[in-house]
Amino acid sequence: MKKEIVLTGDRPTGKLHIGHYVGSLKNRVLMQNEGKYEMFIFMADMQALTDHAKDPKLIRTSVTDVALDYLACGIDPTKSTIFIQSQIPELSDLTMYYMNLVTLARLERNPTVKTEIKQKDFGMSIPVGFLNYPISQASDITAFKAKYVPVGEDQLPMLEQAREIVHSFNRTYNTDVLVEPEAILPPKEAGRLPGIDGNAKMSKSLDNAIYLADDYATLKKKVMSMYTDPEHIRIEDPGHVEGNMVFHYLDVFGKDKVKIQEMKDHYMAGGLGDVKVKKYLLEVLEEELGPIRERRIEFAKDIGEVHRMLKVGSEKARAVAAQTLDECKTAMGINYFKN
Ligand code: TRP
């Protein structure tokens with residue numbers, strides 16, 4: 001039986017943090033190991049350049065970092081195809097053809113792009129490439145004929161745009177080459193992991209993230225500085241567990257739910273200090289992150305090998321994208337030198 005195709009990726013603009021891990025990496029590894037899917041996982045470096053054109057060095061370094069993060073988490077290049085977007089020029093070809101099927105007004109309406117434009121302070125100077133990235137993302141997805149795209153909630157507008165392009169292309173050129181993709185959202189309980197400072201979002205720019213690459217001392221320092229309950233001053237004081245990051249993280253990462261409930265009850269009644277809870281969280285996190293860190297260190301010993309793996313993955317991905325592009329050009333009647 002032919003396996004269902006799954007495609008997903010990340011913008012490489014830094015190392016991946018534990019928010020990425022619970023929100024997507026963990027799920028990708030599970031899907032990969034189920035063996036039911038043909039998985040393509042990639043670094044969207046061209047997309048990253050749409051708002052980092054002046055900083056290609058950061059993107060380049062991040063491609064290696066993200067590859068190490070993937071490998072450390074258990075994404076396995078013998079099971080999944082890991083590749084780099086910029087090494088597949090066919091994706092840009094597809095984008096050129098898709099651009100003719102989308103209006104400027106439609107791009108400007110994209111809620112995720114709108115939010116990003118506000119955050120990034122582009123003002124009147126929005127790069128064309130940035131506004132266009134939903135179309136480029138549709139190329140990423142459709143080039144591999146992906147049926148499923150595991151993404152966060154914020155990516156739903158991109159999937160909507162990709163489906164519109166699929167419809168429009170197939171209708172316009174009277175074909176069925178392109179496959180309509182569907183988003184797979186992370187499990188509800190994974191949600192979005194807040195930052196260690198209590199901010200709703202864990203991110204590099206907010207400087208509130210725990211990275212998969214953090215060493216034990218850094219992890220410890222970050223856990224010990226986590227936002228708890230500002231009103232819980234003395235140990236005897238009753239504390240709040242809602243909005244308390246230490247308990248929030250215990251809910252996400254802890255396996256011993258009975259013990260966690262007991263600690264919550266004790267904390268709320270008073271008599272349980274923050275340091276004790278933080279020490280337990282550190283233990284829980286280290287149990288999960290320690291082995292990932294060790295694997296990351298191992299893979300980092302041979303970066304040449306990591307790059308070879310990316311080259312092999314990119315070549316394999318390129319062959320698939322080239323086949324789709326060929327079919328698209330045939331459907332459009334512009335495969336001039338083929339009959
Ligand atoms: N837009 C995604 C992000 O910001 C990255 C991405 C680019 C992507 N192309 C994709 C994700 C295709 C899934 C499928 O994280």
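Note that ligands are numbered from 1 as they come in the structure, with each ligand's atoms numbered from 1 the same way. We count residues from 1, following the sequence as given. Predicted model, so just to flag it, every value in this text is computed and none were measured.
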E164/R106 ion pair, N-O < 4.0 Å = yes

Could you walk me through whether Y267 and H232 pass ring-ring contact (aromatic ring centres under 6.0 Å, His included), step by step?
-> CA-CA 9 Å; Y267 193 85; H232 185 246; 4.3 Å; yes

For the residue pair F42 and F83, categorise the inter-ring angle as parallel (less than 30°), tilted (30 to 60°) or perpendicular (more than 60°).
-> parallel

Heavy atoms from other residues, nucleotides or ligands near NZ of K15 exceed 12 (cutoff 6.0 Å) | no

Identify the protein atoms, limited to N or O, that lie within less than 3.5 Å of an N or O atom of ligand 1, and list each pair with its distance to 0.1 Å.
| unit_1 | atom_1 | unit_2 | atom_2 | d |
| --- | --- | --- | --- | --- |
| ligand 1 | 1 (N) | Q47 | OE1 | 2.7 |
| ligand 1 | 1 (N) | Q137 | OE1 | 3.0 |
| ligand 1 | 1 (N) | Q155 | OE1 | 3.0 |
| ligand 1 | 4 (O) | R11 | NE | 3.2 |
| ligand 1 | 9 (N) | D140 | OD2 | 2.8 |

Hey, are D55 and R60 close enough for a salt bridge, meaning a charged N less than 4.0 Å from a carboxylate O?
-> no

Should the ring pair H17 and H20 be called parallel, tilted or perpendicular, given that the plane angle runs from 0 to 90° and is split at 30 and 60?
-> parallel

